[in-house]
Amino acid sequence: MTREARAETSRSPQVLRGMRDFLPQQMLLRQEIVDRFKAVFERFGFEPIDTPLLEYYEVLAGKYGEEGEKLMYHFQDHGGREVGLRYDLTVPLARFVAAHRHELTFPFKRYHIGPVFRAERPQRGRYRQFWQCDVDTVGTRSMLADAEVLLVWIEALASVNIPNVVVQVNHRKLLQALASHAGVPAEQALTVYRAIDKLEKIGPEGVREELLRHGVSEPAAQGVLGLVQLRGEPGPVLAEVRQRLAGDPQAMEAVAELEELFRYLGLLGADPRRYALNLALARGLDYYTGPVFEAVVEEPAIGSLGGAGRYDGLIGMFLGEDIPATGGSLGLERVVEVVQELQLLHAPSTVTQALVTVFDDESWGVALGLVQELRAGGVAAEVYLGERRDLRRQVQYADRKGVPLVLFCGPDELAAGVVTIRELASGEQHRVARADLVSEVRRLLAARDPRSAST
RNA sequence: GUGCCUCUAGCUCAAUGGCAGAGCGCUGGUCUGUGGAACCAGUGGUUGCGGGUUCGAAUCCCGUGAGGCACCCCA
């Protein structure tokens, strides 16, 4: 087709801003990570669900605050309905629970892994379509549910070998108490949270300036800074907070909940190096009402790997009656970024485990018989489909794709009733009896990767 | 959404406003019973895209698309 002809029938093969194609190798790594997450989620008793990518705009509107609203994909469908692409998996969950209330067993524990959409300006680790891996428990106020979310995160991230993650913990009501102490009206509280949240980045002086700029008085700002900078073991820090904010019932409630949360974490055997109380942590989303978490990693400067929190009021927006819930999401692309940058996981470069070579035009029957036998025996096997098939080319094909085993069955092997198996990594060759082929192939595969031993 | 930077072959990068190049890769061969190595030969481009300035633009200007950095926000 000429360039002109092509221009008439299609545009350049470009994807939309902030959206990406994935090559097989990238998909294999992504799948590997998702599979490991699923295994951890299920080990804790979370069950899979799915919901549509597209929701009525009304379902999504008014849940994320002004900032979130601006980033939502929103348009009319063919029937003139106002619709939106889901912005996260939490609001769809709230809608899901309200819709299927009578079909669910509570407390309801679910995980949900899939793409969400935000019309942001893309950057590294920040895309317009990205996958979230959510874990939530609906229908209980118990801090044990929150503790489980934190623990499931720690284990999920450990399962993909991410080292040194520290999940930061804070409580939304503690932030509210701080804001009201600072004399900031409720509708301005969010700006105070954000100022506080920047502590790590701009330092106490920067936060002080920002607070003053938002009309906080000098002594109030000092009070806030004094609290927010408390560091150390959760127990003593919470005791200190309890003392300083003694008169504030909201703060006392938050402290009591956090104490309970940390107690459960201890009982569950969570590694204390993997979580920390951070009174400066904010979390921007509007719907949080209780404990909030954020998983941060230092090494690739990629922001947070995930955010979580309790949102006891969100489901009530669909039901008129509150159902408590807690949970959070890990960002798949950020996890992938860390795993790639630090080379933490070695995903296979191809799914194929064995290539059966074709010796000549007369031996198709032999090759196809072998490949079918391997497939029936649970081995991912292919026969070379190219038209020019000298052995050199066939072995090269296997080498480039990273297929570990290449099988030969030419006249010599036929006469002897054997098959030659070549291990590409070492170049080692084995002549095995035709009858033992599948078991020998599986033995060799298991020897190079213990995880593929079963099935 | 705002500001700044970048975009040249499949990849990494060269080229004072004056002939668009190298390395790697890829293709073929040495080599039709076996991949990587070596050697030989070949293949590579609307310089992101569209306009403008100029005798002449990869280079300067405007617009636009994409990527990146900071802000904002967030997974």
Side-chain angles (χ1 to χ4, degrees), chain A residues 2-4 6-7 11-20 23 64-72 87-90 113-134 153 157 190-191 193-195 197-198 201-202 281-286 293-297 301-309 328-338 355-361 363 384 388-414 420-429 431:
Chain A
T2 64
R3 185 176 299 278
E4 291 70 25
R6 194 167 48 236
R11 63 167 48 243
S12 64
Q14 197 181 23
V15 295
L16 283 166
R17 173 171 230 199
M19 309 208 167
R20 299 175 299 161
L23 294 169
Y64 302 104
E66 219 176 304
E67 302 287 346
E69 208 91 344
K70 280 191 287 190
L71 301 178
M72 193 146 56
Y87 181 89
D88 68 3
L89 300 176
T90 308
I113 297 175
V116 302
F117 301 84
R118 297 183 189 178
E120 285 195 281
R121 195 148 158 179
Q123 256 174 72
R124 183 184 186 193
R126 171 184 276 214
Y127 305 95
R128 290 187 165 186
Q129 175 178 341
F130 61 97
W131 280 47
Q132 290 196 323
C133 309
D134 272 45
W153 264 16
L157 293 172
L190 210 63
T191 62
Y193 303 165
R194 287 191 183 138
D197 196 44
K198 290 183 200 161
K201 202 174 209 170
I202 63 180
L281 173 69
R283 305 289 318 141
L285 261 37
D286 260 15
F293 310 144
E294 183 164 307
V296 189
V297 75
I302 204 120
S304 68
L305 297 184
S329 59
L330 290 169
L332 181 63
E333 357 296 296
R334 296 198 175 168
V335 170
V336 168
E337 191 77 25
V338 173
L355 176 76
V356 178
T357 57
V358 184
F359 188 75
D360 57 27
D361 284 338
S363 55
Y384 187 66
R388 298 181 59 182
R389 19 159 249 282
D390 45 295
L391 283 180
R392 174 192 180 76
R393 213 174 284 273
Q394 298 186 58
V395 174
Q396 199 170 57
Y397 170 81
D399 178 51
R400 287 188 185 172
K401 282 191 34 160
V403 179
L405 302 179
V406 177
L407 275 55
F408 303 93
C409 192
D412 295 352
E413 285 88 354
L414 266 182
T420 297
I421 306 173
R422 180 179 179 85
E423 294 186 86
L424 245 44
S426 62
E428 222 173 296
Q429 300 205 156
R431 280 165 76 90

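Convention: sequence-line order gives letters A, B, ...; per-chain numbering from 1.
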Spacing of [X] atom [atom1] relative to [N] atom [atom2], expressed in whole Å:
| X | N | atom1 | atom2 | result |
| --- | --- | --- | --- | --- |
| A/Gln396 | B/G25 | CD | C1' | 13 Å |
| A/Lys70 | B/G1 | NZ | C1' | 6 Å |
| A/Leu424 | B/G35 | CG | P | 10 Å |
| A/Arg400 | B/U34 | CZ | P | 17 Å |
| A/Asp360 | B/U34 | CG | P | 14 Å |
| A/Arg393 | B/U30 | CZ | P | 11 Å |
| A/Gln429 | B/G36 | CD | P | 14 Å |
| A/Asp390 | B/U30 | CG | P | 10 Å |

Contacts of type side chain to side chain contact (heavy atoms under 4.5 Å, CB included), residue [X], not counting sequence neighbours:
| X | answer |
| --- | --- |
| A/Leu71 | A/Tyr87, A/Glu120 |
| A/Val358 | A/Ser363, A/Trp364, A/Ala367, A/Val383, A/Arg389, A/Gln394 |
| A/Lys70 | A/Glu67 |

Measuring only the [atom1] atom in each nucleotide, how far is [N] from [M]? A whole number of Å is fine.
| N | M | atom1 | value |
| --- | --- | --- | --- |
| B/C72 | B/A37 | P | 49 Å |
| B/C13 | B/C55 | P | 36 Å |
| B/A58 | B/G48 | P | 10 Å |
| B/C73 | B/U54 | C1' | 45 Å |
| B/G65 | B/G50 | C1' | 10 Å |
| B/U16 | B/C74 | P | 46 Å |
| B/U6 | B/C62 | P | 13 Å |
| B/G63 | B/G23 | C1' | 36 Å |

Residues in ring pair (Phe, Tyr, Trp, His ring centres under 6.0 Å) with [X], at least two apart?
| X | answer |
| --- | --- |
| A/Tyr397 | A/Tyr384 |
| A/Tyr127 | none |
| A/Phe293 | none |

*Side-chain N,O (A/Arg17) to OP1/OP2 (B/G67) below 4.0 Å*: yes
*Take A/Thr420 and A/Gln429 through the side-chain hydrogen bond (donor to acceptor under 3.5 Å, both in side chains) test and state the conclusion after the steps.*
CA-CA 7 Å; A/Thr420 297; A/Gln429 300 205 156; 5.3 Å; no
*With sequence neighbours excluded, what pairs up with A/Arg422 under the salt bridge (Lys or Arg N to Asp or Glu O under 4.0 Å) test?*
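Expected list: none.
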_Partners passing salt bridge (Lys or Arg N to Asp or Glu O under 4.0 Å) against A/Arg20 (at least two apart in sequence or in another chain)_ = A/Glu333
Under 4.0 Å, counting only non-hydrogen atoms across every strand here, what does [X] touch: a base, just sugar-phosphate, or nothing?
| X | result |
| --- | --- |
| A/Asp412 | base |
| A/Glu413 | base |
| A/Arg388 | sugar-phosphate |
| A/Pro122 | sugar-phosphate |
| A/Gln394 | nothing |

*Donor-acceptor pair, side chain of A/Arg334 and main chain of A/Gly306, under 3.5 angstrom*: no
*Working to the nearest 0.5 Å, report the span between CZ of A/Phe408 and CG of A/Leu355.*
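Between atom CZ of A/Phe408 and atom CG of A/Leu355 there are 8.5 Å.
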_Sequence neighbours excluded, every pair satisfying salt bridge (Lys or Arg N to Asp or Glu O under 4.0 Å) that has a member inside residues 394-403 of chain A_ = A/Glu382-A/Lys401
*For residues A/Pro411 and A/Phe359, report the shortest heavy-atom separation together with the two atoms involved.*
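Looks like CD-CE2, 3.4 Å.
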Please list each protein N or O that sits under 3.5 Å from an N or O in nucleotides 37-45 of chain B, with the distance.
none

_Just to be sure I follow the notation: if a pair is Watson-Crick (purine N1 to pyrimidine N3 plus N6-O4 or O6-N4) or a G-U wobble (N1-O2 and O6-N3), each under 3.5 Å, what dot-bracket string does RNA chain B give, with | for pairs to another strand?_
(((((((..((((....[..))))((((((.......))))))....(((((..]....))))))))))))....
*Which nucleotide in the list B/U34, B/G65, B/G29 gets nearest to the side chain of A/Val395?*
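Taking heavy atoms from C-beta onward, the closest nucleotide is B/U34.
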*Could you encode protein contacts along nucleotides 70-75 of chain B as a string, one character per nucleotide from 5' to 3', using B for base contact, S for sugar-phosphate-only contact and - for no contact, with a heavy-atom cut-off of under 4.0 Å?*
BBBBBB
